[in-house]
Q: 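Mind looking over this structure? Questions follow.
Residue numbers begin at 1 in each chain, while the letters A, B, ... track the order of the sequences. Hydrogens, waters and symmetry mates play no part in the numbers below; they use all other heavy atoms, side chains included.
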There are 2 protein chains.
Amino acid sequence: MNLPLAPTDEPPQLRADAARNRTLLLDAASRLLSGCGAADLTMESVAAAAGVGKGTVFRRFGDRAGLLIALLDHREKQLQAAFLSGPPPLGPGASAADRLHAFGPAVLRHERDHHPLILASRTDPLRNYAVPALHLRINHIAMLLRQADVPGDPELLAHTLLGSIDTALVHHLTTERGMPLERLEEAWHHLVTRLGAPA
Amino acid sequence: MNLPLAPTDEPPQLRADAARNRTLLLDAASRLLSGCGAADLTMESVAAAAGVGKGTVFRRFGDRAGLLIALLDHREKQLQAAFLSGPPPLGPGASAADRLHAFGPAVLRHERDHHPLILASRTDPLRNYAVPALHLRINHIAMLLRQADVPGDPELLAHTLLGSIDTALVHHLTTERGMPLERLEEAWHHLVTRLGAPA
DNA sequence: ACTTTAAGCGGACCATGGTCCGCTTGATTG
DNA sequence: CAATCAAGCGGACCATGGTCCGCTTAAAGT
């Protein structure tokens with residue numbers, strides 16, 4: 001760990017050279033990533049490809065997971081836009097219940113496309129919960145649950161719902177156990193319906 | 001990875017010296033563990049404390065996670081005995097619904113006691129699903145769900161239920177978010193009730 | 001422009017997980 | 001008991017994530 005400043009966030013203002021190197025590194029990593037598996041992406045190779053020293057990578061991203069998460073964050077923006085401000089039923093405009101139903105499949109598809117990176121970024125099991133993207137999802141779901149008057153603890157239910165479509169779980173079920181994605185979508189709908197049904 | 005024999009299992013029969021070294025290693029690891037955090041347990045120190053070479057540790061346990069899981073497996077036996085053959089309501093003798101209700105708190109308590117090791121053993125997010133102990137839990141819950149005539153996909157519901165009391169999640173919620181364990185237990189009961197309630 | 005200073009940089013260095021391969025030894029067979 | 005041989009062993013070796021610290025430089029003040 002090595003975050004000498006700004007207690008919880010990245011310092012909002014990077015010096016010009018630092019900002020340049022940051023995008024240089026992100027680009028280099030992306031480029032390397034499309035030529036090999038995420039597992040083969042070494043910090044040193046990224047630094048070399050970006051033409052900077054290894055120390056710079058660590059200074060900027062903290063550790064390997066940090067780099068991968070930053071890479072992921074970028075791709076995640078699309079999904080976030082879709083459920084925060086995109087068209088219904090995922091975005092605002094539909095009922096909370098409909099938005100909940102739409103959320104699962106959307107995340108499932110997003111994870112299908114990005115699971116190698118997502119899985120590679122998860123070395124520390126606790127780190128996941130610190131990822132801003134996850135927080136956003138949790139809060140969003142919790143909000144929808146409240147809007148839909150679903151009984152129970154909204155925050156915990158949100159965690160439970162998201163847990164049921166967690167990348168690692170889904171990957172395990174689809175590859176090791178041969179379950180089709182449709183079965184998982186069905187289970188999502190069942191779960192949402194079940195939790196939302198009037199007592 | 002380094003499992004030269006027996007495709008999916010440990011070879012059931014270890015040579016005498018190998019078996020001896022295995023328990024030597026497990027003991028040494030246990031001993032070291034009670035003197036420092038799991039994070040400080042290095043493979044080399046375990047080997048040294050057991051009086052064997054480093055290669056032997058890897059040959060026996062595959063990798064670090066394998067060693068930690070083996071350590072855990074031993075402690076897990078108690079919990080397994082409790083829900084497989086212990087007294088009701090956790091063990092057989094109570095209704096399936098009652099057993100389900102009892103299961104959450106039991107796991108929660110078990111995880112409270114062992115979370116440092118459990119978390120340390122989780123480096124590869126996919127590896128978890130290969131742990132025999134987890135399989136056992138999943139199958140057990142799925143069976144109870146069927147017995148209780150809970151509607152929906154028993155296997156997926158089992159994953160969802162267990163996910164809601166996953167060690168990493170619980171640790172995050174109790175330490176980062178300051179939630180008392182009671183709140184998690186309540187949520188468990190709510191979830192079980194909700195899923196089991198007649199449509 | 002000149003000074004100042006803290007952010008940034010880089011690459012030598014360290015720790016540790018994991019591999020390899022030649023040697024040793026417990027089991028098995030006759 | 002001798003011979004055989006696969007399982008086991010150990011420690012040198014390698015790859016890589018992560019740290020450290022002296023040097024450089026962008027940026028803000030005067």
Q: Can you confirm whether His190(A) sits close enough to Pro151(B) that some side-chain heavy atom of one is under 4.5 Å from a side-chain heavy atom of the other?
A: yes

Q: May I ask you to decide if Ala102(A)'s main-chain N or O and His189(A)'s side chain share a donor-acceptor pair within less than 3.5 Å?
A: no

Q: For dC9(C), take OP1 and OP2 only and decide whether either is under 4.0 Å from a side-chain N or O of Arg59(A).
A: no

Q: Toward the 5' end of DNA chain D, which comes first, Glu44(A) or Gly55(A), by nearest nucleotide?
A: Glu44(A)

Q: Measure from the side-chain N and O atoms of Arg99(A) to the backbone N and O of Ala94(A), and report whether any donor-acceptor pair falls under 3.5 Å.
A: no

Q: Knowing that exactly one of Glu111(A), His115(A), His114(A) qualifies, which makes a side chain to side chain donor-acceptor pair (under 3.5 Å) with Thr167(A)?
A: Glu111(A)

Q: Rounded to whole Å, please give me the gap between CG in Asp124(A) and C1' in dG18(D).
A: 15 Å

Q: From the options dG17(C), dT19(D), dA27(D), select the nucleotide whose nearest atom is closest to the side chain of Phe58(A).
A: dT19(D)

Q: Among dG18(C), dT16(D), dG10(C), which nucleotide sits nearest the side chain of Thr56(A)?
A: dG10(C)

Q: Atom NZ of Lys54(A) and atom P of dC14(C): how far apart are they, to the nearest Å?
A: 13 Å

Q: Rounding to an integer number of Å, can you tell me how far Asn21(A) CG sits from dG10(C) P?
A: 6 Å

Q: Looking at Arg22(B), I'd like to know whether one of its side-chain N or O atoms comes within less than 4.0 Å of OP1 or OP2 on dG8(D).
A: no

Q: Taking CG from Leu67(A) and P from dG18(D), how many angstroms apart are they, rounded to a whole number?
A: 11 Å

Q: Rounded to whole Å, please give me the gap between CG in Asp40(B) and P in dA15(C).
A: 14 Å

Q: Would you check if the side chain of His172(A) reaches a backbone N or O of Arg127(B) as a donor-acceptor pair within less than 3.5 Å?
A: no

Q: Specify the separation, in whole Å, of atom CG of Leu25(A) and atom C1' of dG8(C).
A: 13 Å

Q: Using only modelled atom types and a 3.5 angstrom limit, is any donor from either the side chain of Arg15(A) or the base of dA27(D) paired with an acceptor on the other?
A: no

Q: Does Asp17(B) or Met43(B) map to a spot on DNA chain C nearer the 5' end, using the closest nucleotide for each?
A: Met43(B)

Q: Can you measure Arg20(B) atom CZ to dC9(D) atom C1' for me and round it to whole angstrom units?
A: 11 Å

Q: Rounded off to whole Å, could you give me the CZ-to-P distance for the Phe61(A) and dT16(D) pair?
A: 20 Å

